[in-house]
Number of protein chains: 2
Amino acid sequence: MPTSRLDPIDRKILAELQADGRMTNVELAKRVGISAPPCLRRVRTLEEAGFIRGYHAKVDSRELGFEVQVFAMVGLQSQAEVDLSKFEQRCRDWPLVRECHMLNGEVDFILKCVAPDLSTFQSFLTEQLTAAENVASVKTSLVIRCAKDEPGVPFSVMEERLNRTA
Amino acid sequence: MPTSRLDPIDRKILAELQADGRMTNVELAKRVGISAPPCLRRVRTLEEAGFIRGYHAKVDSRELGFEVQVFAMVGLQSQAEVDLSKFEQRCRDWPLVRECHMLNGEVDFILKCVAPDLSTFQSFLTEQLTAAENVASVKTSLVIRCAKDEPGVPFSVMEERLNRTA
DNA sequence: CGGCTACGCGAAATAATATTGCGCACGGAA
DNA sequence: TTCCGTGCGCAATATTATTTCGCGTAGCCG
């Protein structure tokens, strides 16, 4: 990572790959306005520098039989770092928990969970999550429908911001 | 879609592509145990049938200068379908809002927002979100840190479930 | 001002991969 | 048994990825 700062071409690459992670390198090169070899080099550099954390196919949960999505707000009894870490590790071990974010405010964590059906989730909720050590309170909300689910960051906002300071 | 049901090979394909969306087709074919051409045919079929909704590079928000992630709980004044749809459309138009889920319970929507800094988010919050038509209440929580962020669904759970009924 | 170095680009060559066309085998229905 | 429909693998071709190489430019010292 020579210059940690990204130039406009790097940002364009990231934006394109965020929108379509399976784009071929030649197509990507065409879109960002350079030839294929330097484009590939940039992509590799961005991957190694950690700007790109991976590539994933987005699968349709409901189509696959995962009918239930739930947000769970969790409060802990102890917020000591050791206990926070323990709870986070437990979340990593639960496959139904897809995301675990520590929050400020009255609630300590928000969890995004996915399950095949309500009974599977209920079992998890009562037998695992609520029953877990140090868990003081759990409030769950079922997702009725999803109006927007965009991955990553809004590059449009980033460009606006850079133009302002430039 | 001849048989809407997926066979074990299809599920393996989905699991592999969810874990690594840029895997080459020959590597994928090797892992699922068939040759490349039928593997590619299956992938195309899965894409067209909507099981695969797209491919995305996962970018590191903070590394890119998006320091702030916020969950916003939104309550509306009217829950009539027309008004719900209007609010959802507004969320789609706001680039800072990456996800918008309608919930059951006391809160109507949960929004996941990303912003370059706190002041950008505050401006959005006060001038756009809170000020929007039909919005009754907004409660926000800053993300302190993220312990887990897995995309998609847990295929391990799916396999367990299928084995149980089989 | 001249020359040195570092960096990034593009062209061409090569290796790997994607994609197409075809023939074969299996399993269900007439 | 015979006839399809479905899905596989093999082989050939088209595309793409990747490496190698030489060129031009910007920054930097002597």
Side-chain angles (χ1 to χ4, degrees), chain A residues 1-60 63-65 155 158-159 162-163 165-166, chain B residues 1-60 63-65 155 158-159 162-163 165-166:
Chain A
M1 44 179 177
T3 55
S4 169
R5 207 65 202 135
L6 300 173
D7 69 12
I9 294 180
D10 289 321
R11 291 197 295 275
K12 192 92 190 294
I13 287 175
L14 290 172
E16 294 288 346
L17 286 181
Q18 176 175 281
D20 178 5
R22 273 218 122 171
M23 189 180 299
T24 67
N25 184 57
V26 295
E27 173 66 18
L28 180 61
K30 197 183 306 173
R31 293 200 188 191
V32 304
I34 60 179
S35 66
C39 183
L40 189 60
R41 280 193 290 263
R42 279 168 181 264
V43 172
R44 295 280 181 266
T45 303
L46 290 169
E47 287 170 357
E48 281 160 25
F51 289 99
I52 297 177
R53 310 274 299 221
Y55 302 88
H56 305 282
K58 190 164 153 194
V59 304
D60 189 309
E63 193 99 16
L64 266 165
F155 281 95
M158 178 180 237
E159 297 300 340
L162 291 170
N163 291 340
T165 60
Chain B
M1 45 178 178
T3 54
S4 170
R5 205 70 200 130
L6 300 173
D7 68 12
I9 295 181
D10 289 321
R11 290 196 295 276
K12 192 90 190 297
I13 288 175
L14 290 171
E16 293 288 347
L17 286 181
Q18 177 175 280
D20 178 6
R22 274 218 120 170
M23 188 180 300
T24 66
N25 184 57
V26 295
E27 173 65 21
L28 181 62
K30 196 183 307 173
R31 294 199 188 193
V32 305
I34 59 179
S35 65
C39 183
L40 188 61
R41 281 192 288 263
R42 279 167 181 263
V43 171
R44 296 278 181 268
T45 303
L46 290 169
E47 288 170 355
E48 281 160 25
F51 289 99
I52 297 177
R53 310 274 298 217
Y55 301 89
H56 305 282
K58 190 165 155 194
V59 304
D60 189 309
E63 193 99 14
L64 267 165
F155 281 94
M158 178 180 236
E159 297 299 338
L162 291 170
N163 291 338
T165 60

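Chain A is the first sequence line, chain B the second, and so forth, proteins listed ahead of strands; every chain is numbered from 1.
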Quiz item: What is the nucleic acid contact for Ser35(A), judged by heavy atoms within less than 4.0 Å: base, sugar-phosphate only, or nothing?
Solution: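 It contacts base atoms.
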
Exercise. Answer with base, sugar-phosphate or nothing: what part of the nucleic acid does Arg44(B) contact at a heavy-atom distance below 4.0 Å?
Key: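 It contacts sugar-phosphate atoms only.
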
Quiz item: Nearest of dA18(C), dG9(D), dT16(D) to any side-chain atom of Pro38(B)?
Solution: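 That would be dG9(D).
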
Exercise. Could you check which of dA12(C), dT20(C), dA18(C) has an atom nearest any side-chain atom of Pro37(A)?
Key: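 Nearest to the side-chain atoms of Pro37(A), counting from C-beta on, is dA12(C).
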
Distance, rounded to the nearest Å, where [X] contributes [atom1] and [N] contributes [atom2]:
X        : N       : atom1 : atom2 : answer
Lys30(A) : dC9(C)  : NZ    : P     : 18 Å
Leu28(A) : dT18(D) : CG    : C1'   : 15 Å
Leu17(A) : dA17(D) : CG    : P     : 11 Å
Asp10(A) : dC7(C)  : CG    : C1'   : 14 Å
Arg41(A) : dC9(C)  : CZ    : C1'   : 7 Å
Leu40(B) : dT17(C) : CG    : C1'   : 10 Å
Asn25(B) : dA18(C) : CG    : C1'   : 7 Å
Arg42(A) : dT18(D) : CZ    : P     : 17 Å

Practice problem: State plainly whether the residues Arg31(B) and Glu27(B) are in salt-bridge range, i.e. N to O under 4.0 Å. | Solution: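 A salt bridge is present here (some side-chain N lies under 4.0 Å from a carboxylate O).
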
Exercise. Please answer whether the main-chain N or O of Glu159(B) pairs with a side-chain N or O of Arg11(B) as donor and acceptor at a distance below 3.5 Å.
Key: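 The answer is no, because no donor-acceptor pair under 3.5 Å joins these two groups.
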
Quiz prompt | Arg22(B) (side chain) donor-acceptor with Gly54(A) (main chain) under 3.5 angstrom | solution =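 No; zero donor-acceptor contacts below 3.5 Å.
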
Self-check item: Heavy-atom side-chain proximity of Thr45(B) to Asp10(B) below 4.5 angstrom
Solution: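 Answer no - side chains too far apart.
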
Self-check item: 5′-ward residue of the pair Ile9(B)/Arg22(B) relative to DNA chain D
Solution: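 Final value for this comparison: Ile9(B).
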
